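Fair warning: this is a prediction, and the values are worked out from it, not measured in the lab.
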Amino acid sequence: MDPLTHVLLGAVTSQAVYGRRLGRTAAAVGGLAAFLPDADVFIRSATDPLLAVEYHRGFTHALAFAPVGGAAIAALWLLRSAWRSHGSVLWACATLAWVSHCLLDAATSYGTQLLWPFTRHRVGWDLISIIDPLFTLTLATGLAWSLVRAQVRPVRIALGLAVAYLAAGGIQLGRATALQRELAEAR
């Protein structure tokens, strides 16, 4: 998925769940946390040009790594004494957004190593395209409305619509697979 959509989904998810406790900071924490799993693109080798392909959507996209990534993001806010009393909430907020990145990439056909270190198998549900402007626009609208109004309801609506959109993708995938199976059997 594209970086903008990841940032928006992380911000929307965090704002929907932690917006009342953290205010707009929840969106900032969530946006950054949902962006950073793609830092694995910097794992490169001059001698092995395929190393980047092998490691992208690898361990940084695993559910087991999300709490570590969430702690790194929360630590940035905890540098300021004003946020130290919110440490566990910041960590939970960042971890949730990190997980949103992992799950959204798993929803594409390319998939991720969601269950690393237990398996290197790529989980790919093929529910959404790598770039989907309608999905991204829904998230952006909900987040903007929520931040301007200082309410969590708009991001909750946007998150509900995003989940419904992915569910519709799953239904369409099932219908297409069934049709493909019928066609193959007929031939």
Side-chain angles (χ1 to χ4, degrees), residues 1-18 21-22 25-79 83-84 86-132 135-136 139 155 159 162-163 165-167 169-171 173-174 177:
M1 205 56 152
D2 65 284
L4 175 62
T5 304
H6 279 303
V7 168
L8 288 170
L9 180 61
V12 163
T13 303
S14 292
Q15 190 69 18
V17 177
Y18 295 102
R21 291 196 61 191
L22 298 174
T25 300
V29 169
L32 181 60
F35 178 73
L36 280 186
D38 279 339
D40 61 6
V41 299
F42 296 110
I43 300 173
R44 299 190 179 274
S45 169
T47 59
D48 184 1
L50 294 178
L51 187 71
V53 174
E54 180 182 346
Y55 279 100
H56 182 53
R57 293 191 176 190
F59 73 94
T60 60
H61 288 67
L63 295 175
F65 189 81
V68 176
I73 299 302
L76 296 174
W77 266 263
L78 295 176
L79 292 173
W83 287 105
R84 290 193 185 129
H86 296 87
S88 61
V89 177
L90 288 166
W91 171 77
C93 179
T95 301
L96 176 66
W98 197 288
V99 167
S100 78
H101 182 115
C102 301
L103 294 177
L104 187 58
D105 275 351
T108 67
S109 59
Y110 185 61
T112 73
Q113 292 181 26
L114 201 58
L115 302 175
W116 176 93
F118 308 107
T119 178
R120 293 188 61 155
H121 171 76
R122 283 191 184 269
V123 175
W125 300 313
D126 202 14
L127 303 178
I128 191 168
S129 175
I130 298 292
I131 296 175
D132 191 316
F135 188 80
T136 304
L139 296 172
V155 287
L159 191 57
V163 169
Y165 190 79
L166 292 172
I171 291 167
L173 176 64
T177 303

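At least one side-chain heavy atom of W91 sits less than 4.5 Å from a side-chain heavy atom of P67. Under the 4.5 Å side-chain criterion, counting only non-hydrogen atoms from C-beta, D38 is in contact with H101. Y110 has its side chain out of reach of D105: every pair of non-hydrogen atoms, C-beta onward, lies at least 4.5 Å apart. Residues T108 and R57 form a side-chain contact, since some pair of their non-hydrogen atoms from C-beta on lies under 4.5 Å apart. Side-chain contact between V68 and F59: absent, with no pair of heavy atoms (C-beta onward) separated by less than 4.5 Å. Annotation: side chain of Y18 is in contact with side chain of L96 (closest heavy-atom distance under 4.5 Å). Considering only heavy atoms from C-beta on, L159 stays 4.5 Å or farther from Q15 through its side chain. Between I130 and D2 the shortest side-chain heavy-atom distance does not fall below 4.5 Å.
Annotation for R84: atom CZ counts as buried by contact number, over 12 foreign heavy atoms lying within 6.0 Å. Within a 6.0 Å sphere centred on CZ of F65, heavy atoms belonging to other residues, nucleotides or ligands number more than 12.
Between T5 and L104, the shortest heavy-atom distance links the atoms CG2-CD2, 3.9 Å. Shown here for T60 and C102, the closest heavy-atom pair between the two residues is O-SG, 4.2 Å. Considering all non-hydrogen atoms of both residues, S100 and T13 come closest at CB-OG1, 4.2 Å. Nearest heavy atom pair, residue V99 against residue A66, reads CG2-CB, 3.6 Å. For the residue pair A26 and C93, the shortest heavy atom distance occurs at O-SG, 3.7 Å. Shown here for W125 and L103, the closest heavy-atom pair between the two residues is CZ3-O, 3.7 Å.
Each of I73, L78, T95 was checked for a side-chain contact (heavy atoms from CB on, under 4.5 Å) with L90, and the lone residue meeting it is L78.
Using modelled atom types, no side-chain atom of R120 and backbone atom of Q113 make a donor-acceptor pair closer than 3.5 Å.
To the nearest 0.5 Å, the span separating CG on L4 from CZ on F35 amounts to 10.5 Å. The distance from atom OG of S109 to atom CG of L127, rounded to the nearest 0.5 Å, is 10.0 Å. A distance of 5.5 Å separates CE in M1 from OG1 in T136, rounded to the nearest 0.5 Å. The distance from atom CH2 of W77 to atom CG of L32, rounded to the nearest 0.5 Å, is 5.0 Å.
Between the side chains of S129 and D132, no donor-acceptor pair is found at a separation under 3.5 Å.
Y165 and F135 have tilted rings, their planes meeting at an angle from 30° to 60° on a 0 to 90° scale.
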